[in-house]
J.: 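Can you read through this structure? Questions will come right after.
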Amino acid sequence: MNHLFDGLLEGRDGAQRFAEIPGESARHYSYADVLAVSARFANVLVAHGVKPGDRVAAQVPKSIEAVMLYLAVVRAGAVFLPLNTAYTASEVEYFLTDATPAIFIGDPLKEDVLGQVAQRAGAAMMTMGVWTKPEVNAGSFLEEGLSAETEFRSVPRAGDDLAAILYTSGTTGRSKGAMLSHGNLLSNAKTLADYWRFTPEDVLIHALPIFHTHGLFVAINITLVAGGSLIFLPHFDAEEILSNMPNASALMGVPTFYTRLLDHEGLTKDASAHMRLFVSGSAPLLADTHDAWRERTGHAILERYGMTETSMNTSNPYDGERRAGTVGYPLPGVDVRVTDEAGTALGAGEIGAIEVRGPNVFSGYWQMPEKTAEEMRADGFFITGDVGVFSDDGYLSIVGRSKDLVISGGYNVYPKEVELLIDALPGVQESAVIGVPHPDFGEGVVAVVVPSGVDLIEEGAVIGALSDCLARYKQPKRVFVVDELPRNAMGKVQKAALRERFGTVFGG
Ligand code: MLC
Ligand code: AMP
């Protein structure tokens, strides 16, 4: 028994649809295809020497085959390591060196540079290929998949075996690999599918990237475990989403999805009449957005709260009040508490650190036992770094973060990582990176830089210098030069003062 794969696909009817992939070469994917293609891919992995417990890293464009790669890795008993397609080669090098995967499946356009990166990390590099374009697939993973057997006996794995490592940036600037087990992922998928009432009739519009928890585990695992189907879109496009709503029942998105859809005149009660559920997460949904959505469509967006290390922790109720500005109740089986600095649980109305415990909570950071220990309490609670408060009737609100983190369009940016790179630039004495209100991304990244000498520091030069080493979404959208950074009596940079000073640069 392979805990996650068998758990997700138990009792599926092969003839049933798993995905519709609209577009130029529109096609359908049945559950029988899921079984056959994931088997083919698992056979390819094994033929390349992948053994249980090996890591398989992938930085590949969104495709249904990339989803099958995830399932194949799980079936082969290996550990899936998806990487944001926006990461630069130097970012990828860190992940490969840290996780030492057996195979890295990457972008053919960057094969030269990534091939060297993979080689230095001791991984074999393959390219993914495009299923619908066999003519461009020479030597690719897909080409091998096309001729592989459609049967594969899934490698037995237990609930506490690793299924995936997802990197999440750290406050020190170094990313940490969150180790997620078969049990973590399956338990959360089952809980959510049940809580949000997913059934085989559901059709989820999938427009999220598939290298993060939200698009990969929440959206896809829920659909699989419920036996539902996806309308699988390559990326967010308001027009596309609206045109698919009449054939769909649910949408999952980050708040930017909802603000962009609200900006579209096509969003009406009629356009969304066939939908039963809109879920938002990964970043705070403004109460204004919640209210405007309800007004325009008649639907109350269901906001939930999670993170890479824990998958989903809390959710507004399916029935009952979906309260704007809150992330709802702890999910069944998940303990959530708000604590003071000593770790003592606080009562309703008192603000403190959000801690969670449950079958969803990860087993630790890859090869960083000291970091894991710093964030885990002896009684099994994980300290999330989020700050919150429970209402008298049990709704959790997130009121801030104790971790220095910017969330831009649902992507996390850790200021320290950006500051270290800016500080290393010639002419820079020091810098502070902050997030300030941004009308589209919720928060936008801003760098405040102190020069070391008299030379002029140009905004464009700073951003340009980062472009080779930092994914685009992490790069500051604005850079300001100041004589000195505000500090408190302890010498700590007062980021709150900077956020105040530069708070309106995006018109926020
Ligand atoms: C794109 N850009 C961003 C950005 N996305 N900049 C900052 N933040 C972002 N999130 C850059 C582009 O490179 C481009 O730069 C410019 O901004 C405009 O791009 P765009 O074409 O308008 O953006 P788009 O491609 O439409 O992407 C926006 C988006 C996307 C919101 C659709 O970022 C997205 O899909 N976000 C979802 C992230 C997500 O899945 N998070 C879940 C994490 S899991 P230029 O200058 O080159 O033009 C998690 C746990 C949980 O957090 O609870 O779920
Ligand atoms: P990540 O590390 O990418 O998984 O991001 C997780 C972080 O996103 C959490 O620790 C929160 O800070 C934030 N987050 C997720 N969902 C919500 C939400 N609904 N409201 C506010 N913040 C959220």
Side-chain angles (χ1 to χ4, degrees), residues 62 82 84-86 166-171 175-176 178 180 188 192 206-219 233-241 252-261 263 279-287 289-290 301-316 322 324-328 353-356 360 362 375 382-388 396-414 435 438-446 463-464 467 470-478 506:
K62 185 174 176 181
N84 193 324
T85 47
L166 259 60
Y167 275 83
T168 159
S169 302
T171 40
S175 289
K176 303 169 287 186
L180 296 156
N188 209 236
L192 292 171
H206 194 299
L208 286 159
I210 54 168
F211 39 71
H212 281 312
T213 297
H214 198 164
L216 185 61
F217 300 140
V218 183
L233 304 176
H235 48 72
F236 175 86
D237 179 324
E239 201 81 35
E240 272 285 315
I241 289 185
M252 291 181 191
V254 296
T256 302
F257 279 25
Y258 293 102
T259 50
R260 287 189 182 182
L261 282 162
D263 283 342
V279 179
S280 176
S282 308
L285 183 79
L286 297 179
T289 310
H290 188 278
I301 297 175
L302 184 154
E303 185 171 7
R304 61 34 169 205
Y305 158 61
M307 60 194 301
T308 303
E309 288 91 332
T310 63
S311 294
M312 301 303 106
N313 300 313
T314 73
S315 170
N316 270 279
R322 298 180 192 168
T326 83
V327 292
I354 301 176
E355 301 186 4
V356 299
N360 54 318
F362 77 139
E375 294 177 25
F382 171 66
I383 306 165
T384 61
D386 293 308
V387 175
L396 181 69
S397 295
I398 298 175
V399 298
R401 298 171 204 138
S402 58
K403 52 194 174 191
D404 189 14
L405 163 69
V406 180
I407 305 184
S408 171
Y411 285 139
N412 288 4
V413 182
Y414 274 84
H438 187 287
D440 188 26
F441 295 127
E443 288 182 299
V445 177
V446 167
I463 297 173
S467 60
L470 210 55
R472 186 83 189 97
Y473 70 89
K474 296 183 195 169
Q475 295 169 24
K477 294 203 186 290
R478 294 299 315 271
F506 299 118

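Values below: all heavy atoms of this structure, side chains included; hydrogens, waters and symmetry mates excluded. For ligands, and for the atoms within them, numbers begin at 1 and follow the listed sequence.
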J.: Using modelled atom types only, decide if a donor and an acceptor are shared between the side chain of Y258 and the backbone of V279 within a distance under 3.5 Å.
T.: yes
J.: Who are the residue neighbours of ligand 2 when the rule is a heavy atom under 4.0 Å from any of its atoms?
T.: T168, S282, A283, P284, E303, R304, Y305, G306, M307, T308, V327, D386, I398, R401, K403, I407, N412
J.: Measure from the side-chain N and O atoms of N316 to the backbone N and O of T326, and report whether any donor-acceptor pair falls under 3.5 Å.
T.: yes
J.: Side chains of K62 and H206 only: does a donor on one sit below 3.5 Å from an acceptor on the other?
T.: yes
J.: Can you label the angle between the F362 ring and the F382 ring as parallel, tilted or perpendicular, going by 30° and 60°?
T.: perpendicular
J.: Which protein N or O atoms sit under 3.5 Å from any N or O of ligand 1? Give each pair with its distance.
T.:
| unit_1 | atom_1 | unit_2 | atom_2 | d |
| --- | --- | --- | --- | --- |
| ligand 1 | 6 (N) | K477 | NZ | 2.9 |
| ligand 1 | 8 (N) | S408 | O | 3.4 |
| ligand 1 | 8 (N) | S408 | OG | 2.6 |
| ligand 1 | 10 (N) | S408 | O | 2.8 |
| ligand 1 | 17 (O) | K477 | NZ | 3.4 |
| ligand 1 | 22 (O) | R260 | NH2 | 3.1 |
| ligand 1 | 26 (O) | R260 | NH1 | 2.8 |
| ligand 1 | 36 (N) | G409 | O | 3.0 |
| ligand 1 | 41 (N) | G410 | O | 2.9 |
| ligand 1 | 46 (O) | R472 | NE | 3.1 |
| ligand 1 | 46 (O) | R472 | NH2 | 2.7 |
| ligand 1 | 47 (O) | R472 | NE | 2.9 |
| ligand 1 | 53 (O) | R304 | NH1 | 2.7 |
| ligand 1 | 53 (O) | G306 | O | 3.2 |
| ligand 1 | 54 (O) | S282 | OG | 2.6 |
| ligand 1 | 54 (O) | R304 | NH1 | 3.3 |
| ligand 1 | 54 (O) | R304 | NH2 | 2.7 |

J.: Give a yes or no answer on whether the side chain of S402 reaches the backbone of G385 with a donor-acceptor pair at less than 3.5 Å.
T.: yes
J.: What do you reckon, are the aromatic ring centroids of F506 and F441 less than 6.0 Å apart?
T.: no
J.: Would you say the side-chain atoms of N84 and Y167 include a donor-acceptor pair closer than 3.5 Å?
T.: no
J.: Would you check if the side chain of D386 reaches a backbone N or O of I354 as a donor-acceptor pair within less than 3.5 Å?
T.: no
J.: Heavy-atom distance under 4.5 Å between the side chains of L216 and F211, does that happen here?
T.: no
